[in-house]
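Every heavy atom of this structure was used, including side-chain atoms; hydrogens, water molecules and symmetry mates were not. Remember, it's 1-based here, ligands and their atoms both numbered in the order they're listed.
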Amino acid sequence: MKIKFTKMHGAGNDFVVIDGIHQSIQFTPAQWQAIAHRQFGIGADQMLLVERSALPGIDFKYRIMNADGNEVEHCGNGSRCFVRFVHDQGLTDKTTIKVETLSGILTLQLHEAGRVTVQMGVPRFTASDIPFDATGLSTTEVGNTTQYTHPQYADTPFCVASMGNPHAVIEVADVETASVQTIGPSLQALPNFPKSVNVGFMQVLDPHHVKLRVYERGAGETLACGTGACAAVVTGIQRGELQSPVQVQARGGILEIAWAGPGEQVAMTGPTANVFSGEFETDALFNNNFNNN
Ligand SMILES: N[C@H](CCC[C@H](N)C(=O)O)C(=O)O
């Protein structure tokens, strides 16, 4: 079966976007993984599947699969590309759209030149909401939040936040020399994170500017992470080190984050880009060397 797709990115976080309204899509995690494969497939950090929502007053539903094939709750950069996709494909002529996701209903606003503002939901910091279990970790109160230290990783204490998906945020002196590729997977493997975790490495430049690298759950390091940028900013504000709005400089581009404080939604504004459109043959792609190894 031939499947049409559009390759997009938001600040370098790249996606295969598929219209699941006009195409019948029921892929297994292994098949989603094959699409994401950088050599044997199309290649992407995540896949976004666009569907109609059954909820009254909600225009669309969109589902997010990580490169490892697993479905997740939220993708900030993906939500921006989603709204540009439905507009470019003529699926709507609205520029303010409500979309159903596993993390809840998001409101998105499409601006000029493909820039999008997303109301990303209310961040949560309660361990059970992350989900996170602090057993075996030492704790330190920093500002209005708690910092956790694992005895094996004593020099990389972290704070935790949920944007609907789990995040740990480590403050570092220099993102360029941070041990992203080792500390990222190590924290993800801890039993303290029963659903794994996205690990952010944040360098505070001043109260309104940070640099950020994120080792994502199910994708590894990406050039930008929208929910990671939100999690980094809200933990920085809770720590008393940042003040809204904050410009987050990721390797793939810049995201602007604003948050009025606990109980309020985080607003994220950033770019979107179309790279190319194409189609793939499912039999060929799902039965190539990747699946036969
Ligand atoms: N890896 C994330 C999903 C994608 C998040 C990121 N691409 C973003 O822009 O928020 C997770 O497993 O929760």
Trainee: Pick from Gln203, Gln147, Arg239: which one makes a side chain to side chain donor-acceptor pair (under 3.5 Å) with Glu171?
Mentor: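 One option only clears the test, and that one is Arg239.
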Trainee: Please state which option from Asn77, Leu223, Asn198, Val118 has its nearest heavy atom closest to atom 13 (O) of ligand 1.
Mentor: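 When every heavy atom of Asn77, Leu223, Asn198, Val118 is considered, Asn198 comes closest to atom 13 (O) of ligand 1.
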Trainee: Got the closest protein heavy atom to atom 5 (C) of ligand 1, with its distance?
Mentor: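 Ranking protein heavy atoms by distance from atom 5 (C) of ligand 1, first comes Glu216 OE1, 3.4 Å.
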Trainee: Any idea which part of Asn66 is under 4.0 Å from ligand 1, heavy-atom wise: side chain, backbone, both or neither?
Mentor: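 The part of Asn66 near ligand 1 is the side chain, not the backbone.
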Trainee: Under 4.0 Å, counting heavy atoms only: does Cys225 come that close to any atom of ligand 1?
Mentor: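 It does, in that a heavy atom of Cys225 comes within the 4.0 Å cut-off of ligand 1.
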Trainee: Counting distance only, does the side-chain N/O of Arg217 pair as donor-acceptor with the main-chain N or O of Gln188 below 3.5 Å?
Mentor: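 The answer is no, because no donor-acceptor pair under 3.5 Å joins these two groups.
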Trainee: Same cluster for Leu242 and Phe201 if Ile/Leu/Val/Met/Phe/Trp/Tyr side chains link at under 4.5 Å?
Mentor: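 Leu242 and Phe201: separate clusters.
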Trainee: Of the options Cys159, Cys230, Cys225, Pro123, which is the one that meets His167 in a side-chain contact (heavy atoms from CB on, under 4.5 Å)?
Mentor: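 Answer after filtering Cys159, Cys230, Cys225, Pro123: Cys225.
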Trainee: Counting only nitrogen or oxygen atoms and a 3.5 angstrom limit, does Gly78 reach ligand 1?
Mentor: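 No; the residue has no nitrogen or oxygen that sits under 3.5 Å from a nitrogen or oxygen of the ligand.
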Trainee: Counting heavy atoms only, which of Gly220, Ala229, Gly228, Gly226 comes nearest to atom 8 (C) of ligand 1?
Mentor: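 That would be Gly226.
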Trainee: Just let me know how Thr227 lines up against ligand 1, side chain, backbone, both or neither, with a heavy-atom cut-off below 4.0 Å.
Mentor: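 Contact part for Thr227 vs ligand 1: both backbone and side chain.
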Trainee: Identify, by atom number and element, the atoms of ligand 1 in contact range of Val72, meaning under 4.0 Å from any of its heavy atoms.
Mentor: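 Near Val72, the atoms of ligand 1 are 3 (C), 12 (O).
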Trainee: Taking it one step at a time, do Arg251 and Glu176 satisfy side-chain contact (heavy atoms from CB on, under 4.5 Å)?
Mentor: CA-CA 10 Å; Arg251 286 187 154 180; Glu176 295 311 324; 2.8 Å; yes
Trainee: Do Gln46 and Glu216 have side-chain N/O donor and acceptor atoms under 3.5 Å apart?
Mentor: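 Indeed, the side chains of Gln46 and Glu216 share at least one donor-acceptor pair under 3.5 Å.
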Trainee: With atoms numbered from 1 as shown, which atoms in ligand 1 lie under 4.0 angstrom from a non-hydrogen atom of Asn165?
Mentor: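 Reading through ligand 1 atom by atom, the close ones are 2 (C), 11 (C), 13 (O).
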Trainee: Near Gly76, which atoms of ligand 1 are under 4.0 Å from a heavy atom of that residue?
Mentor: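 Ligand 1 atoms under the 4.0 Å threshold to Gly76: 8 (C), 9 (O), 10 (O).
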Trainee: Answer yes if the side chains of Thr101 and Ser103 hold a donor-acceptor pair under 3.5 Å, and no otherwise.
Mentor: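 Judged by distance alone, the side chains do pair up.
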Trainee: Could you go through the side-chain contact (heavy atoms from CB on, under 4.5 Å) check for Thr282 and Phe280 one step at a time?
Mentor: CA-CA 6 Å; Thr282 50; Phe280 65 89; 3.8 Å; yes
Trainee: May I ask you to check whether Arg217 has an N/O atom sitting below 3.5 Å from an N/O atom of ligand 1?
Mentor: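 In this structure, Arg217 places an N or O atom under 3.5 Å from an N or O of ligand 1.
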Trainee: In plain terms, say whether Arg38 and Asp45 are close enough for a salt bridge, that is, a side-chain N and a carboxylate O under 4.0 Å apart.
Mentor: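 The answer is yes: the pair qualifies as a salt bridge.
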Trainee: Determine whether any heavy atom of His74 lies closer than 4.0 Å to an atom of ligand 1.
Mentor: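 For ligand 1, residue contact (heavy atoms, under 4.0 Å) with His74 is present.
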Trainee: Counting only heavy atoms, tell me which of Thr222, Asn13, Leu255 gets closest to atom 7 (N) of ligand 1.
Mentor: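 Considering heavy atoms of Thr222, Asn13, Leu255, the nearest to atom 7 (N) of ligand 1 sits in Asn13.
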Trainee: Does Asp45 come within less than 4.0 angstrom of ligand 1, counting non-hydrogen atoms of the residue?
Mentor: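 Flag not set, Asp45 not near ligand 1.
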